[in-house]
Amino acid sequence: MTRSWHRTGQARTLAAGANPVRDFPNACRSGPTPVVCEVRRPDQAMRSVRRGCAAVSVVTEKRWQHGGREELAAVRAAVEAPVLLRNPVFSERRLWEARACGADAISLVQAALTPERLAELYGMALRSSMTPLVEVADEHGVRLAAELGARAVYLDFTERAAQARASALLPPTTVTLAEAGAEVILLGGSAIGDFVGSEP
């Protein structure tokens, strides 16, 4: 069935009929392995979950308007674990499109949004029952995330000491994700193969 995505209202209508949202932060904390694997295909997602990943993160290979939605929907249909759309969300329409395709969580990059726009998209994500993962790269961003009451924060820091100081500013109820040194590890790129391995 062909979906029409030309207007925000249409995307929102389609989102209303999407499958129930899976709890991304809770899965990160209660899963057998505190790891979220970045995947692009359903087979990668299935292997990741079988190996114990708490959730999967999807980065679409194609431009969102030309196949990316289908890639996200296919991964969501292949696994029971929560699915994070890692492509940054900047607009209301993209947010509702992500929900319509089955995203359980979306990425909001704090540095790319005004505080007002960040709060607006954050609130929309909550109203859709998705988890907004706030991506931050400095203490200012961490404080904004804390003010929003973010349940999940990605710490994009190059220095481990700065990351540790920033993480300490967040409440204990917030799940922290990072490439290393956080409560949950977000694996991507070449690191995926090391964790997932190959199937017999």
Is the shortest heavy-atom distance from the side chain of Arg76 to the side chain of Arg22 under 4.5 Å? yes

If you round to the nearest 0.5 Å, how far is CE of Met130 from CZ of Phe24? 12.5 Å

Could you check whether Arg69 pairs with Glu97 (Lys NZ or Arg NE/NH1/NH2 to Asp/Glu carboxylate O, under 4.0 Å)? yes

Are Leu177 and Val109 joined in one hydrophobic group, where the rule is that I, L, V, M, F, W and Y side chains link up if heavy atoms are under 4.5 Å apart? no

Sub-4.5 Å side-chain heavy-atom contact between Leu187 and Glu38: no

Hey, does Cys28 have a side-chain heavy atom less than 4.5 Å from the side chain of Val36? yes

Check whether any side-chain heavy atom of Ile106 sits under 4.5 Å from a side-chain heavy atom of Leu133, and report yes or no. no

Stepwise, does the side-chain contact (heavy atoms from CB on, under 4.5 Å) test hold for Val59 with Arg40? CA-CA 6 Å; Val59 176; Arg40 287 177 168 79; 3.9 Å; yes

Report the C-alpha separation of Ser48 and Val39 in whole Å, then their side-chain angles, then the decisive distance to 0.1 Å, and conclude whether the side-chain contact (heavy atoms from CB on, under 4.5 Å) test is met. CA-CA 8 Å; Ser48 296; Val39 303; 3.8 Å; yes

Glu92 atom CD: more than 12 heavy-atom contacts under 6.0 Å: yes

Closest heavy-atom pair and its distance - Ala27, Ala54: O-CB, 3.3 Å

Of Leu121, Val136, Leu95, which is the lone residue that meets side-chain contact (heavy atoms from CB on, under 4.5 Å) with Leu108? Leu121

Given the rule that I, L, V, M, F, W and Y join up when any side-chain heavy atoms are under 4.5 Å apart, are Val89 and Trp96 in one cluster? yes

For the OG atom of Ser91 and the CZ atom of Arg117, what is their distance to the nearest 0.5 Å? 7.0 Å

Can you find a pair of side-chain heavy atoms, one from Arg41 and one from Arg47, that are under 4.5 Å apart? yes

Check whether any side-chain N or O of Thr174 sits under 3.5 Å from a backbone N or O of Leu170 as a donor-acceptor pair, and report yes or no. no

Report whether Leu85 and Val75 are members of the same hydrophobic cluster (ILVMFWY, side-chain heavy atoms less than 4.5 Å apart, transitive linking). yes

Determine which pairs satisfy side chain to side chain donor-acceptor pair (under 3.5 Å) with at least one residue from residues 126-155, sequence neighbours left out, and list them in order. Asp23-Arg151, Arg86-Glu135, Ser107-Glu135

Heavy-atom closest contact (Ala81 atom, Ala55 atom, distance): CB-CA, 4.1 Å

So, does Gln163 use its side chain to make a donor-acceptor pair with the main chain of Ala180 at under 3.5 Å? yes

Residues Asp104 and Pro82: closest non-hydrogen pair is OD2-CA, 3.3 Å

Can Arg29 and Glu183 be counted as an ion pair, charged N to O under 4.0 angstrom? yes

Are Val175 and Val153 packed together at the side-chain level, in the sense that at least one heavy-atom pair is separated by less than 4.5 angstrom? no

Please determine whether residues Leu169 and Leu144 belong to a single hydrophobic cluster, defined as Ile, Leu, Val, Met, Phe, Trp and Tyr linked transitively by side-chain heavy-atom distances below 4.5 Å. no

Which pair of heavy atoms, one from Leu186 and one from Ser57, lies closest together, and at what distance? CD1-CB, 3.9 Å

Give the intermediate values and the outcome of side-chain contact (heavy atoms from CB on, under 4.5 Å) for residues Val56 and Leu84. CA-CA 6 Å; Val56 294; Leu84 162 70; over 6 Å; no

Drop me the distance from Glu71's CD to Cys101's SG, to the nearest 0.5 angstrom. 10.5 Å

Count I, L, V, M, F, W, Y as connected when their side-chain heavy atoms are under 4.5 Å apart, and connections chain through other members. Are Phe90 and Tyr122 then in the same cluster? yes

Less than 4.5 Å apart, side chain to side chain, heavy atoms only: is that true for Val184 and Thr176? no

